[in-house]
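What follows is a short report on a single structure.
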Amino acid sequence: MTIGNPPKALILLVALLSVTLLMALGKISPEAGLPVITAFGGYGLGNGVAATKGQQSPKIFETKEKE
């Protein structure tokens with residue numbers, strides 16, 4: 001598996017780590033943090049905004065090409 005869209009992967013990684021850190025420090029409650037984590041995870045696995053416009057959206061992960 002390779003990363004097919006590095007900017008999207010980086011944004012999701014930073015967002016997930018930030019929300020997780022805020023939950024661990026007690027700055028936000030799990031009732032507020034878990035839906036945000038779920039939303040970011042769903043966006044990372046889905047096609048994103050381009051799907052609503054009928055455009056192709058690159059996935060974060062691609063299958064490894066056989067040589």
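The analysis underlying the following values was restricted to heavy atoms, covering all of them including side chains, and did not include hydrogens, waters or symmetry mates. Computed from a prediction, not measured in an experiment: that's the story for all the values here.
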For this session: Please round to the nearest 0.5 Å and tell me the distance separating atom CG of Leu22 and atom OG of Ser29.
Result: 11.0 Å
For this session: Return the minimal non-hydrogen interatomic distance between Pro30 and Pro35, and the atom names on each side.
Result: O-CD, 4.0 Å
Exercise. Same hydrophobic cluster for Leu34 and Leu16, using side-chain heavy-atom links shorter than 4.5 Å among ILVMFWY?
Worked result: yes
Seminar exercise, completed: In short, Phe40 meets Leu12 closest at the heavy-atom pair O-CD2, 3.4 Å
